[in-house]
Amino acid sequence: MKLSEYTACDATGLAELINQGDVTPAEVKAAAINAINKVNAEVNAVIEIWQQEESQPHGPFQGVPMLVKDLGISVKGRRNELGSRLAAGHVSSHDSNLAHRMRQAGLLLLGRTTTPELATSTTTESRFQGETATPWNPAYSAGGSSGGSAAAVAAGMVPAAHATDGGGSIRVPASANGLFGLKPSRGRISMGPDVDEVWSGLAVHGFLSRTVRDNAALLDALQGNQAGDPFTIPASAQSLRACVTQDPGRLKIGVMMHPLNGARTAPEVAGALEKTVAQLVSLGHQVEEVSLEIGSWGAFVEMNSRFWAANTAAWIDALAAAMNRPVNHETLEPANLALWQLGHSLTATDFIAAMQMRNSVTQKMAQFYQQYDLLLTPVLPTLPTRLGEYNQHQHQLDGRGWMHHVFDHSPFTALANVCGTPAMSVPLGFSPANQLPVGMQFLAGFNQEAVLLKLAGQLERAFPWHHRKPAIWAGNDCAG
């Protein structure tokens, strides 16, 4: 299979070619490895290829390659190092529920992608795994924390990849890499069996893809709860992939231009949002400016700080014990050492207060969704940062200071994580000056992925993005 043929297909298209007998899983696997070897050095997205893995002979995605983020998912016999020197060499003893479902769906688990250390960042630049660049302009960050998966998909190494999202980690890299990224509702995909929930329910599994239908089809195949999961959510009454081709009807959409931290959205991003509003109106939707009343920004960040720090501290302690390593500057980056210290300083009542505020925010947003179908914001208030900029001052920050830094970079995204509701990044904007994509975020009420996917499909058909290719693309200059 030629690279030009391989990169022209999304995951659904590859599955159709395999099922029709036009190509074999072995040919697709060889093309995927060829694509990774061709461009990975330019973006640093893939840290390991699993040559010996084979796909199972059944399932809707038989033979389609899937890269997994080096965090949140366990693959038996494979390293799971979480972007950290503290976990270096850690090998999973079993498949997690999601890995098992991936195998049942016929996906070929091909390797691991980069992540910032312990996913506590919205850029993928760790001391352990290095910097990951967006293939659109490799001077800039691929975003995080699923930056490796995003860069791999955007550069044509694989058509879709696994990701996680605890505060924007699917949507931020989707925006920086010109991809479609959907953060599902809490409980849509099992997090078990080793954990009942991650970051007290803030984090979920999801996927990054170049097409909307791939994300929907992956959710169809991989959604579902296992015995012992703390959250149960009914499987969609209809196929989510079928939703992509359905008319969403006339939606009432609230739009928020500027973030709740008082900053102003950059002109290029604001222009992309204004263009998106015009596109939505042209499709018949009702769009109006809104302001959210969810409490003070400082209190919102403090709430998240308590969830992030307490969970990160417990995670670090468990890793240190498992790997028989100390917790210090030799094993952790300054930001995570600061979060570890903050986590150990918190009391049980501090954590309960955070849970109470989460409920307050969730209730207020539930009232919002009784008036509006969706909320529209930019994914980020600015363009992606240049590599090296994001982390340059982390050694000067304590745990709360780091959290304010992370949330000021991505102030729009964490609301969906707090509420457990779905949200998506759609690649509707583009900055010609920097050759960088700009994602638009749509948030919906709980269990409303179908509404998001209907709108995403409508936008994809009306304002397609597939003709745009990044500077680093595995399908470029292919012979024949």
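We use all heavy atoms of the structure for the numbers below, so side chains are in, but hydrogens, waters and symmetry mates are not.
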In Arg171, Lys183, His205, the residue satisfying side-chain hydrogen bond (donor to acceptor under 3.5 Å, both in side chains) with Asp165 is Arg171

- Query: Does the side chain of Thr349 come under 3.5 Å of the side chain of Thr347 through a donor N or O and an acceptor N or O?
  - Reply: yes

### Message
If we ignore hydrogens and angles and just use 3.5 Å, is the side chain of Arg210 paired with the main-chain N or O of Val158 as donor and acceptor?
### Response
yes

inquiry  = We want to know whether Ser209 and Asp214 form a side-chain donor-acceptor pair, criterion being a heavy-atom distance below 3.5 angstrom.
reply    = no

Under the 3.5 angstrom rule, does the side chain of Tyr390 hit a backbone N or O of Thr122 as a donor-acceptor pair? yes

- Query: Going by atom types only, do Asn44 and Thr114 share a side-chain donor-acceptor pair under 3.5 Å?
  - Reply: no

Problem set entry | Backbone N/O of Leu380 and side chain of Ser410: donor-acceptor pair under 3.5 Å | no

inquiry  = Under 3.5 Å, is there a donor on one side chain and an acceptor on the other for Gln238 and Gln246?
reply    = yes

Residue pairs passing the ring pair (Phe, Tyr, Trp, His ring centres under 6.0 Å) test with at least one member in residues 206-231, sequence neighbours excluded, are none

Separation between CE (Met323) and OG (Ser84), nearest 0.5 Å, reads 10.0 Å

If you measure only the distance, is there a donor-acceptor pair under 3.5 Å linking the side chains of Asn447 and Arg188? yes

Using modelled atom types only, decide if a donor and an acceptor are shared between the side chain of Lys38 and the backbone of Met157 within a distance under 3.5 Å. no

Heavy-atom nearest pair, Ala423 first then Leu443, reads CB-CG, 3.9 Å

Is there a donor-acceptor contact under 3.5 Å from the side chain of Gln448 to the main chain of Pro422? no

Exercise. Using distance alone, with no hydrogens and no angle criterion, decide if Thr113 and Ser149 have a side-chain donor and acceptor under 3.5 Å apart.
Key: yes

Inset, instruction - May I ask you to decide if Glu330's main-chain N or O and Asn328's side chain share a donor-acceptor pair within less than 3.5 Å? - result: yes

Taking atom types as modelled and ignoring hydrogens, do the side chains of Ser55 and Lys29 form a donor-acceptor contact shorter than 3.5 angstrom?
no

Query raised in the report: Are the charged groups of Arg85 and Glu333 less than 4.0 angstrom apart, N to O?
Result: no

Is the side chain of Arg325 donor-acceptor paired with the backbone N or O of Ala88 at a distance under 3.5 Å, no angle test?
yes

Side-chain H-bond candidate by donor/acceptor type, Ser96 with Ser74, under 3.5 Å: no

When every non-hydrogen atom of Trp308 is compared with those of Gly166, the smallest separation belongs to NE1-O, 4.1 Å

When rounded to the nearest 0.5 Å, the distance separating CZ of Phe351 from CE of Met303 is 11.5 Å

query = Do we see a donor-acceptor contact under 3.5 Å between the side chains of Glu117 and Asn336?
reply = yes

### Message
Please check: side-chain N/O of Ser169 versus main-chain N/O of Ser145, any donor-acceptor pairing under 3.5 Å?
### Response
yes

ask   = Should the ring pair His344 and Trp340 be called parallel, tilted or perpendicular, given that the plane angle runs from 0 to 90° and is split at 30 and 60?
value = perpendicular

Q. With distance as the sole test, does Asn40 use its side chain to make a donor-acceptor pair with the main-chain N or O of Ala45 at under 3.5 Å?
A. yes

Under a 3.5 Å threshold, yes or no: a donor from one side chain and an acceptor from the other, between Asn304 and Trp199? no

For a side chain to side chain contact (heavy atoms under 4.5 Å, CB included) check, start with the C-alpha distance between Arg112 and Trp50, then their side-chain angles and the critical distance, and finish with the verdict. CA-CA 8 Å; Arg112 294 183 293 149; Trp50 300 330; 3.3 Å; yes

dist Tyr369:OH -> Cys419:SG (nearest 0.5 Å) comes out at 6.5 Å

Between the CG atom in Leu397 and the NE2 atom in His405, the distance rounded to the nearest 0.5 Å is 7.0 Å

I'd like to know if the side chain of Asn261 pairs up with that of His404 as donor and acceptor (distance under 3.5 Å, no hydrogens or angles considered). no

**Asked** Do Thr232 and Asn225 meet the criterion of a side-chain donor-acceptor pair at a distance under 3.5 Å?
**Response** no

Between Pro159 and Leu14 the two heavy atoms that sit nearest each other are CG-CD1, 3.9 Å

Closest non-hydrogen atoms of Asn177 and Pro135, given as atom of the first, atom of the second and distance, are OD1-CD, 3.1 Å

CD1 (Ile47) and NZ (Lys69) are apart, to the nearest 0.5 Å, by 11.5 Å

Practice prompt. Please indicate whether Lys364 has more than 12 foreign heavy atoms, meaning atoms of other residues, nucleotides or ligands, lying under 6.0 Å from its NZ.
Written response: yes

| Are there more than 12 heavy atoms of other residues, nucleotides or ligands under 6.0 Å from atom NE2 of His100? | no

Smallest heavy-atom separation, Thr124 atom then Gly143 atom, equals OG1-O, 2.7 Å

*Judged by atom type as modelled, is there a donor-acceptor pair below 3.5 Å linking the side chain of Asn34 to the main-chain atoms of Asn37?*
no

Correct closest heavy-atom pair for Val43 and Ile472 would be CG1-CD1, 3.8 Å

Check your understanding: Between the side chains of Ser185 and Glu449, is a donor N or O closer than 3.5 angstrom to an acceptor N or O?
Key -> yes

Got a list of side-chain donor-acceptor pairs under 3.5 Å for residues 451-460, not counting sequence neighbours?
{"unit_1": "Gln458", "atom_1": "OE1", "unit_2": "His285", "atom_2": "NE2", "d": "2.7"}
{"unit_1": "Glu460", "atom_1": "OE2", "unit_2": "Val212", "atom_2": "N", "d": "3.3"}
{"unit_1": "Glu460", "atom_1": "OE2", "unit_2": "His466", "atom_2": "NE2", "d": "2.8"}

When rounded to the nearest 0.5 Å, the distance separating CG of Leu332 from OG1 of Thr312 is 10.0 Å

